[in-house]
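Take a look at the structure below.
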Amino acid sequence: MNMAASKCVRLNGELSRRFLVSVDTVLFDCDGVLWRGDEAVQGAPELVNELKRSGKRVFYLTNNSTKTRAMYSDKLGRLGFSAEPGEVFGTAYCTALYLRDTARLRGKVFLIGGGALSQELAAAGIPHLGQGADPVTGGMKDWADLSRDPEVRAVVVGFDENFNYMKLTRALHYLQDPACLFIATNTDTRLPLEGGRAIPGTGCLVRAVETAAHRKAQVIENPTHSCMTAWSKNVVWIPQGLSWWAIAWTQTFRWVLRVASAHS
Ligand SMILES: O=P(O)(O)OC[C@H](O)CO
Ligand SMILES: [Mg+2]
């Protein structure tokens with residue numbers, strides 16, 4: 001049974017008003033909800049800005065690891081949303097926080113990911129390698145003996161347009177050490193773009209590394225505990241009577257229900 005469907009009620013008229021009055025804070029999913037690619041969903045900026053004007057707190061939670069908080073704040077502003085970097089919780093930021101504050105990583109990250117993940121890791125003081133292109137050279141014997149950095153203690157997989165067989169092989173070598181952490185930013189299968197188009201999502205890369213490494217990744221995305229911890233540690237809670245509302249797909253909604261119950 002789809003839990004979100006069993007909990008969802010169509011809001012109209014008086015029900016909408018009563019529901020909005022009961023809500024202090026609104027959490028928004030981004031890709032496919034507030035925008036598709038670089039096109040805001042019609043009416044979304046007006047809705048969000050009106051919620052803020054009426055005194056609601058708004059946060060933007062996205063599994064997308066291709067932007068830092070600052071980059072998302074710029075995109076939100078460009079698309080007409082009122083937003084501060086501190087209101088944005090993307091998985092590039094949450095992954096860096098998780099490694100620093102929860103995993104307390106001592107060592108380097110082998111990164112399969114883009115510039116935003118690299119910037120957030122650097123901002124959190126986490127040394128890392130592997131970002132950018134990694135051209136295929138040599139043959140099978142060379143790939144089996146690729147050099148490894150002895151200080152690597154975690155493999156992180158996020159959205160990486162430079163993903164290839166060399167990176168997959170390097171990740172396999174590092175992950176043969178059971179003590180090496182295996183972290184994925186998210187497992188979405190597709191990234192929704194303008195006009196209903198889509199491109200392969202980070203989940204495609206994560207599953208490839210999981211298959212090669214014979215290990216499951218620990219995933220940071222909403223609605224996991226890792227992301228909630230990163231978020232709740234950075235948000236001043238107003239306990240009691242707090243209610244939550246996520247305009248998002250069902251997975252985030254389940255997470256919000258968990259957050260709400262944890263703080264009601
Ligand atoms: O829907 P979001 O904002 O969590 O983003 C999901 C990503 O686009 C999936 O790759
Ligand atoms: Mg989405």
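Whatever order the structure lists ligands and atoms in, that order sets their numbers, starting from 1.
Atom numbering of ligand 1 starts at 1 in the shown order; those under 4.0 Å from a heavy atom of T62 are 2 (P), 3 (O), 4 (O), 5 (O). Here is the list of ligand 1 atoms found below 4.0 Å of a heavy atom in R190: 9 (C), 10 (O). The atoms of ligand 1 that sit less than 4.0 Å from any heavy atom of C30 are 3 (O). Atom numbering of ligand 1 starts at 1 in the shown order; those under 4.0 Å from a heavy atom of D188 are 6 (C), 9 (C), 10 (O). Applying the 4.0 Å criterion to heavy atoms of D29 picks out, from ligand 1, the atoms 1 (O), 2 (P), 3 (O), 4 (O). Within ligand 1, the atoms closer than 4.0 Å to a non-hydrogen atom of N186 are 9 (C), 10 (O), numbered from 1 in the order shown.
Of the listed residues (D31, L61, T66), the one carrying the non-hydrogen atom nearest atom 5 (O) of ligand 1 is D31.
Counting just the N/O/S atoms of D31, the one with the shortest distance to the Mg ion (ligand 2) is named O.
Between the side chain of E87 and the backbone N or O of E84, at least one donor-acceptor pair lies under 3.5 Å. Checked by atom type and distance alone, the side chain of S65 pairs as donor or acceptor with a backbone atom of F159 at under 3.5 Å.
The only option from D188, D31, T202 that meets the side-chain hydrogen bond (donor to acceptor under 3.5 Å, both in side chains) definition with N63 turns out to be D188. Each of V156, N186, V219 was compared with T95 under the side chain to side chain contact (heavy atoms under 4.5 Å, CB included) criterion, and only V156 meets it. Each of K67, R69, E120 was scored for a side-chain hydrogen bond (donor to acceptor under 3.5 Å, both in side chains) with Y93, with one residue passing: R69.
Using a cutoff of 4.0 Å between basic side-chain nitrogens and carboxylate oxygens, R78 and D38 are scored as salt-bridged. Look at E210 and K216 and you find a salt bridge, because one of the NZ, NE, NH1 or NH2 atoms lies within 4.0 Å of a carboxylate O, short of that distance.
Checking D29 against the Mg ion (ligand 2), an N/O/S atom falls under the 2.8 Å cut-off.
Between P192 and ligand 1, no N or O atom pair is found at a separation short of 3.5 Å.
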